Undergrad: 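Can you read through this structure? Questions will come right after.
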Protein chains: 2
Amino acid sequence: MGRFARISHADLRAAAARVAARQGLARTTIAAIAKEAGVPTGSIYHRVPSRAALLAEIWLEAADRYGTAFLARLSGASSLDEVAQAALVTPFLAREDPAAGVILFVHRRDDFLDDAPAESRARAARLVAALRDGIAAAARRLAPADKRARERFALALIGIPYGAVRTFLPQAVPPLELDPAILAAARAALAAR
Amino acid sequence: MGRFARISHADLRAAAARVAARQGLARTTIAAIAKEAGVPTGSIYHRVPSRAALLAEIWLEAADRYGTAFLARLSGASSLDEVAQAALVTPFLAREDPAAGVILFVHRRDDFLDDAPAESRARAARLVAALRDGIAAAARRLAPADKRARERFALALIGIPYGAVRTFLPQAVPPLELDPAILAAARAALAAR
DNA sequence: TATATTCTAAAATACAGATTCTAATAATAC
DNA sequence: GTATTATTAGAATCTGTATTTTAGAATATA
């Protein structure tokens, strides 16, 4: 069946993710990715149709991991206190997989997707919509009759931990001691009038 | 003394800021800026030594405005409740000057500064340090003997409003109804143990 | 062993966008 | 008016980087 590949598709994505996390998107050139992966530039195009498609893939991979964990936490929550716990998925991911954390919480989604093939953009849109829907469902479930609950839930579960984690991320990992403050802030935002 | 200039240096910065806010840094090309400002590309280099220097300038202009307002609020604060008010400088700026808001709260500082001349980078570093120092001073003043106060103050006054505002910014402006939730979250973060 | 296939390897090409250059133009000073 | 100078205007370069191409190497199957 032909010669063995030196690196797998997953290896390539991981290499690209490392470069993007370390150096930013503008410096994530095909040459830099190739160097990180230890293959010549040409080989990359046997795995991936274009740089834009590869960037989209690494964003999708990170976002999928995050979305799955986040929604799992949220869908089981039956009180505001349990809902607030979902805010900790963000610092948790940032610690467990810093490269994914940087991709999701330091860089801009659109910088990964603007030039991506339509199918990748559609997948990303579905992913974002699923998050939105999960939050909206939780808001309806736990704060019915509250018109602005959806907005407050989004602030508590996305905005606050996002802003908290971002201060640390490119250089360091968010310290564990941060979590109680995130939790307190998320609870307050959930309860705010 | 020679022919009148069609646009001033400030006009040029404003045009670049609008393009950057609307389209992102990667699309903020010299051609796009020139078109926005209504001048040919060559004219830009009579105002500014390079694209990188211009990008740095628009970041510095926005950051300076923000830093001044933020530190003014913070330095006068004599209670935790008054400190928390400084968190609202972020949504306020985002509403008053959305282009500056997008530059500061949507894009990454480093994307404006990475290739900038050393002097611009130094100015940016001083600006960031001044913010940091102001927050540290407030933490010392209002929560002495608390070892992690500085971190919590930063979360409350920068991280939380940053994350809150960012959800809305590129397309819309953060709604006024958001402010009470930001304030509540900031107070909670300040008080967290 | 022959052949098709899948990859490596690196050079060649294409292209976008920053920067520089050359003329032309409009204002001021004398 | 004439010389001088700041500026416009846009074409001409230059550069960096994505992509394509060509040749060669390794492996599976028949």
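As the structure is a computational prediction, the values presented were derived from the model and not from experiment. So you know, we letter chains A, B, ... as the sequences are listed, proteins then strands, and number each from 1.
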Undergrad: With sequence neighbours left out, which residue pairs that include part of residues 134-192 of chain A fulfil the ring pair (Phe, Tyr, Trp, His ring centres under 6.0 Å) condition?
TA: none
Undergrad: Rounded to whole angstroms, how far apart are CD1 on Ile7(A) and P on dA9(C)?
TA: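 Atom CD1 in Ile7(A) sits about 11 Å away from atom P in dA9(C).
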Undergrad: Kindly write out the residues that satisfy side-chain hydrogen bond (donor to acceptor under 3.5 Å, both in side chains) with Asp81(B), not counting sequence neighbours, or none if the list is empty.
TA: Arg187(B)
Undergrad: Partners of Glu57(B) by salt bridge (charged side-chain N to carboxylate O under 4.0 Å, His left out), sequence neighbours excluded?
TA: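 Partners of Glu57(B) under the salt bridge (charged side-chain N to carboxylate O under 4.0 Å, His left out) test: none.
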Undergrad: Give the rounded distance in Å between these two atoms: CD1 of Ile30(B) and P of dG10(D).
TA: 17 Å
Undergrad: Heavy atoms within less than 4.0 Å of DNA chain C: which residues of residues 35-47 of chain B have one? Give them sorted by number.
TA: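 Result for residues 35-47 of chain B: Gly42(B), Tyr45(B), sorted by number.
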Undergrad: Looking at Leu12(A), Val19(A), Thr28(A), which one forms a side-chain contact (heavy atoms from CB on, under 4.5 Å) with Glu36(A)?
TA: Val19(A)
Undergrad: Asp115(A) has an atom CG; how far is it from atom C1' of dA16(C), in whole Å?
TA: 12 Å
Undergrad: If the condition is salt bridge (charged side-chain N to carboxylate O under 4.0 Å, His left out), which residues does Arg150(A) pass it with, not counting sequence neighbours?
TA: none
Undergrad: What pairs of donor and acceptor atoms, side-chain ones from residues 171-186 of chain A against any protein atom, are under 3.5 angstrom apart with sequence neighbours left out?
TA:
from, atom 1, to, atom 2, distance (Å)
Asp179(A), OD1, Arg95(A), NH2, 2.7
Asp179(A), OD2, Arg95(A), NH1, 3.1

Undergrad: At a heavy-atom distance below 4.0 Å, what parts of residues 48-59 of chain A sit against DNA chain D?
TA: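 Here the set is Ser50(A), Arg51(A).
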Undergrad: Using the test side-chain hydrogen bond (donor to acceptor under 3.5 Å, both in side chains), find all partners of Arg109(B) that sit at least two apart in sequence or belong to another chain.
TA: none
Undergrad: Could you write out each protein N or O paired with an N or O of nucleotides 13-15 of chain C at a distance under 3.5 Å?
TA:
none

Undergrad: For residues 39-52 of chain B, which residue pairs pass the salt bridge (Lys or Arg N to Asp or Glu O under 4.0 Å) check, not counting sequence neighbours?
TA: none
Undergrad: Going by ring pair (Phe, Tyr, Trp, His ring centres under 6.0 Å), name the pairs with one or both residues in residues 69-101 of chain A, residues two or more places apart or in two chains.
TA: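 Qualifying pairs: Tyr66(A)-Phe70(A).
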Undergrad: Rounded off to whole Å, could you give me the CG-to-P distance for the Leu25(B) and dA18(C) pair?
TA: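 From Leu25(B) CG to dA18(C) P: 12 Å.
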Undergrad: For residues 115-140 of chain A, run the donor-acceptor check on the side chains, cut-off 3.5 Å, and write out each pair with its distance to 0.1 Å, sequence neighbours left out.
TA:
from, atom 1, to, atom 2, distance (Å)
Asp115(A), OD1, Arg27(B), NH2, 2.4
Arg121(A), NH1, Ala116(A), O, 3.0

